[in-house]
Amino acid sequence: MNRALEVLQERGFVQQCTDFEGLSRLMDEGPVTFYIGVDPTGPSLHIGHMVPFFALRHLRDAGHVGIALLGGGTARIGDPSGKTEMRKLISYEEIDENTRRFIKQLDRFVGFDGVHAFTANNKDWLADLNYIEFLREIGRHFSVNRMLSFEAYKQRMEAGLSFIEFNYQLLQSYDFLQLYRRHNCRLQIGGDDQWGNIVAGIELIRRVEGAECYGLTFPLVTTSDGKKMGKTEKGALFLDPNMTSPYDFFQYFRDVSDSDVERFLLMFTFLPSEECRRLGSLKDAELNQAKERLAWEVTALIHGKEEADKALAAARAAFRGDGDAAQLPTIAIKRARLEAGIGVLDLFVEAGLVPSKNEARRLVQQGGASVNGQKVENEKQVFTIAALQDGAMMLRAGKKRVARVISKDN
RNA sequence: GGGGAGAUUCCCGAGUGGUCAAAGGGGGCAGACUGUAAAUCUGUUGGCUUUCGCCUUCGAAGGUUCAAAUCCUUCUCUCCCCA
């Protein structure tokens with residue numbers, strides 16, 4: 001088998017392939033141009049988007065050429081695949097802004113040099129499509145009967161599927177055709193929920209151009225307890241540091257289940273496979289070293305080594321006491337307020353550890369709140385500036401959430 | 001266009017005039033046990049005050065009533081059947 005494909009397979013990236021042998025042969029012959037599509041439907045990419053881009057880097061390292069296709073056009077429609085409900089439509093301005101942000105985030109991770117990796121935007125060929133011409137040239141190749149047999153649509157037959165979403169597949173297929181024509185793109189990779197769309201694109205190219213293209217999908221990454229990977233209480237694990245702090249990002253990986261460690265090391269880091277397997281096979285408490293490594297590696301890839309170091313120092317300060325507490329999430333409260341004294345409940349709310357005073361009260365009543373390592377017994381307790389030790393107060397809510405409070409002038 | 005069903009607190013889903021901040025489950029949170037894991041058990045789960053209590057919530061807006069998530073009117077959206 002082709003070496004690059006083999007790497008993807010041994011790292012757990014391969015879910016389905018339209019023609020494994022054929023693709024392998026093609027890749028042996030020389031550099032293959034492939035693409036990944038992302039629709040800029042939100043303000044930031046999240047970790048779930050990144051799986052195909054990790055694959056992109058593996059493939060690029062093997063000499064192949066990757067295109068990141070931003071769905072500036074398709075985002076106007078909304079992909080029903082994998083969704084149980086209709087997606088709300090987003091404004092064009094919002095899509096353009098999202099696109100800009102996505103490209104920036106991806107560039108940081110992939111490094112678009114214009115030769116081995118570059119971006120494209122399907123807005124360029126979709127935005128001004130002529131409906132009638134499109135139907136005559138492209139639409140006639142699609143069988144509604146066949147489309148309805150796809151799993152993605154079956155799931156929506158109950159909940160409802162509007163025509164705008166039903167069209168999505170034609171547009172994605174058209175994307176593949178365009179990229180084939182413009183860049184001789186022969187392979188599309190993506191999450192397994194894209195299987196139907198990918199296959200449809202391949203069939204379109206076969207009919208229109210008589211050429212054989214390929215599709216490869218990755219497993220939908222879930223945690224061992226079956227949840228979508230990267231989902232937190234606060235939502236997805238975003239790459240934007242303003243939406244998910246590097247510390248929270250780090251902690252997500254630091255806290256993965258034992259059974260997920262090896263799998264995540266293989267997919268979300270570039271450590272050699274043997275090293276991933278060695279780390280993953282550590283036993284009991286030793287496995288914590290592997291988790292720490294995983295968290296550091298992924299954070300470094302996304303936010304840079306400096307942020308990864310800071311997050312690591314903060315985590316150690318919070319859980320082992322030997323790191324750097326200054327790196328913990330910190331909030332500043334006016335000196336005057338601290339001098340006057342603040343009730344615990346308000347303190348925890350202001351520190352962002354709980355969303356309301358009722359929850360703060362519950363936290364205290366259930367024994368989950370502590371200040372400077374001392375459990376808060378009374379919800380009426382008041383803290384003043386005297387509680388600052390070395391200029392800071394350490395608040396804990398439960399075992400995992402920590403905040404550091406400092407004072408500020410005015 | 002005609003007919004039918006439906007929209008409930010984060011999700012699913014009960015509730016059909018007061019006893020409803022609203023059953024049950026899921027999820028979340030906290031505690032115990034631990035390794036910042038999993039599993040398990042317990043508690044908790046709108047906001048403000050915590051003493052009574054007050055406020056907001058059951059698709060939207062009106063109305064009936066001492067009193068509505070529950071009744072009426074209009075509207076919006078979804079699903080199903082027929083054309």
Side-chain angles (χ1 to χ4, degrees), chain A residues 78 80 83-89 153-166 222-236 247-265 279-296 298-299 311-323 325 327-329 343-346 348-371 373 375-381 394-403:
Chain A
K83 310 270 183 315
T84 49
E85 283 178 2
M86 167 120 181
R87 191 137 74 173
K88 60 182 184 311
L89 294 177
Y153 295 116
K154 275 186 187 162
Q155 285 173 10
R156 289 291 295 273
M157 292 311 280
E158 282 291 314
L161 178 66
S162 70
F163 192 65
I164 184 172
E165 288 183 288
F166 190 58
T222 53
T223 54
S224 56
D225 43 359
K227 286 177 205 138
K228 238 184 206 174
M229 188 266 168
K231 289 284 176 202
T232 68
E233 324 77 69
K234 292 172 191 156
Y247 173 76
D248 286 337
F249 188 89
F250 179 97
Q251 278 300 312
Y252 179 87
F253 285 97
R254 176 58 186 76
D255 263 339
V256 297
S257 303
D258 289 6
S259 46
D260 291 329
V261 175
E262 184 173 305
R263 205 156 46 95
F264 286 4
L265 277 165
L279 286 167
S281 63
L282 292 174
K283 290 285 171 282
D284 303 320
E286 296 238 298
L287 192 57
N288 281 328
Q289 294 167 26
K291 292 185 187 179
E292 201 172 75
R293 186 69 191 278
L294 168 68
W296 188 89
V298 188
T299 308
L312 176 64
R316 286 188 171 170
F319 296 101
R320 296 199 333 205
D322 66 342
Q327 300 304 334
L328 283 167
V344 235
L345 304 185
D346 288 317
F348 274 75
V349 171
E350 286 193 36
L353 292 172
V354 286
S356 70
K357 291 181 78 172
N358 266 348
E359 283 217 18
R361 196 181 327 269
R362 216 172 284 136
L363 187 70
V364 172
Q365 283 168 355
Q366 295 184 134
S370 76
V371 175
K375 190 198 271 190
V376 179
E377 304 283 358
N378 185 343
E379 61 189 68
K380 285 184 176 153
Q381 196 166 340
M394 283 281 266
L395 310 190
R396 298 187 94 95
K399 295 195 179 71
K400 292 184 191 161
R401 289 171 298 140
V402 186

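Note that the coordinates shown come from a computational prediction; the quantities given were computed from them, not determined experimentally. Naming convention: chains lettered A, B, ... in sequence-line order (proteins, then strands); numbering from 1 in each chain. Heavy atoms only: backbone and side chains are in, while hydrogens, waters and symmetry mates are out.
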query = Taking only N and O in the side chain of A/R401, is any of them less than 4.0 Å away from OP1 or OP2 of B/C29?
reply = no

inquiry  = For the P atoms, the ones on B/G18 and on B/U70, what distance do you get once it is rounded to whole angstrom?
reply    = 11 Å

message = If I take atom NZ in residue A/K357 and atom P in nucleotide B/U44, what distance separates them, rounded to the nearest angstrom?
response = 23 Å

inquiry  = How close do A/Q381 and A/V376 get, counting heavy atoms only, and between which atoms?
reply    = OE1-CG1, 3.8 Å

ask   = Which atoms form the tightest heavy-atom contact between A/A318 and A/L328, and what is the distance?
value = CB-CD2, 3.8 Å

remark   = A/F348 CZ to B/A30 C1', in whole Å, measures 13 Å

ask   = The side chain of A/S356 lies closest to which of these nucleotides: B/G47, B/A37, B/G35?
value = B/G47

key: Identified pairing partner of B/U42, criterion: Watson-Crick or G-U wobble below 3.5 Å   = B/A30

Length of the line joining A/N358:CG and B/C55:P, which is rounded to integer Å = 16 Å

inquiry  = Between P on B/G35 and CZ on A/R320, what's the gap in Å once rounded to a whole number?
reply    = 15 Å

query = Between A/F319 and A/R396, is there a cation-pi geometry (under 6.0 Å to ring centre, at most 45° from the normal)?
reply = yes

request  = Tell which nucleotide pairs with B/G17, taking only Watson-Crick or G-U wobble pairs whose two distances are both under 3.5 angstrom.
outcome  = none

note = The answer to which of A/L363 and A/F250 contacts RNA chain B further toward the 5' end, by nearest nucleotide, is A/L363

inquiry  = What I want to check is whether an N or O donor and acceptor connect the side chain of A/D258 with the base of B/G35 at under 3.5 Å.
reply    = yes

ask   = Using the P atom in both, what is the distance from B/G26 to B/U19, to the nearest Å?
value = 27 Å

query = Considering only the C1' atoms, how many Å lie between B/C11 and B/G28, rounded to the nearest integer?
reply = 11 Å

ask   = Which whole number of Å gives the distance between the P atom of B/G15 and that of B/A23?
value = 13 Å

task = Select from A/A285 and A/D346 the residue whose nearest nucleotide in RNA chain B is closer to the 5' end of that strand.
result = A/A285

query = Taking atom P in both B/A21 and B/C41, what distance in whole Å separates the two?
reply = 32 Å

key: Spacing between A/Y252 atom OH and B/A37 atom C1', to the nearest angstrom   = 13 Å

ask   = What is the distance from CZ of A/R293 to C1' of B/G35, rounded to the nearest Å?
value = 20 Å

inquiry  = What is the distance, to the nearest angstrom, from the NZ atom on A/K291 to the P atom on B/U34?
reply    = 17 Å

key: Considering all heavy atoms, the nearest A/A295-A/R254 contact   = CB-N, 3.7 Å

note = Note: A/V261 and A/A290 closest approach over all heavy atoms is CG1-CB, 3.9 Å

Base partner of B/U78, which must satisfy Watson-Crick or wobble distances under 3.5 Å = B/A5

query = Which one is paired to B/U70, where only Watson-Crick or G-U wobble pairs with both distances under 3.5 angstrom count?
reply = none

note = Atom CZ of A/R362 and atom P of B/U42 are separated, to the nearest Å, by 20 Å

Between B/G27 and B/A38 - P atom distance, rounded Å = 13 Å

query = Is it true that A/K357 and A/D346 have a side-chain N and a carboxylate O under 4.0 angstrom from each other?
reply = yes

query = Given that both distances must come in under 3.5 Å, which nucleotide forms a Watson-Crick or G-U wobble pair with B/C48?
reply = B/G53

task = Tell me whether the OP1 or OP2 atom of B/U34 has a side-chain N or O from A/K399 closer than 4.0 Å.
result = no

inquiry  = Regarding B/G43, can its base be found pairing with the side chain of A/Q366 as donor and acceptor, where the two atoms are less than 3.5 Å apart?
reply    = yes

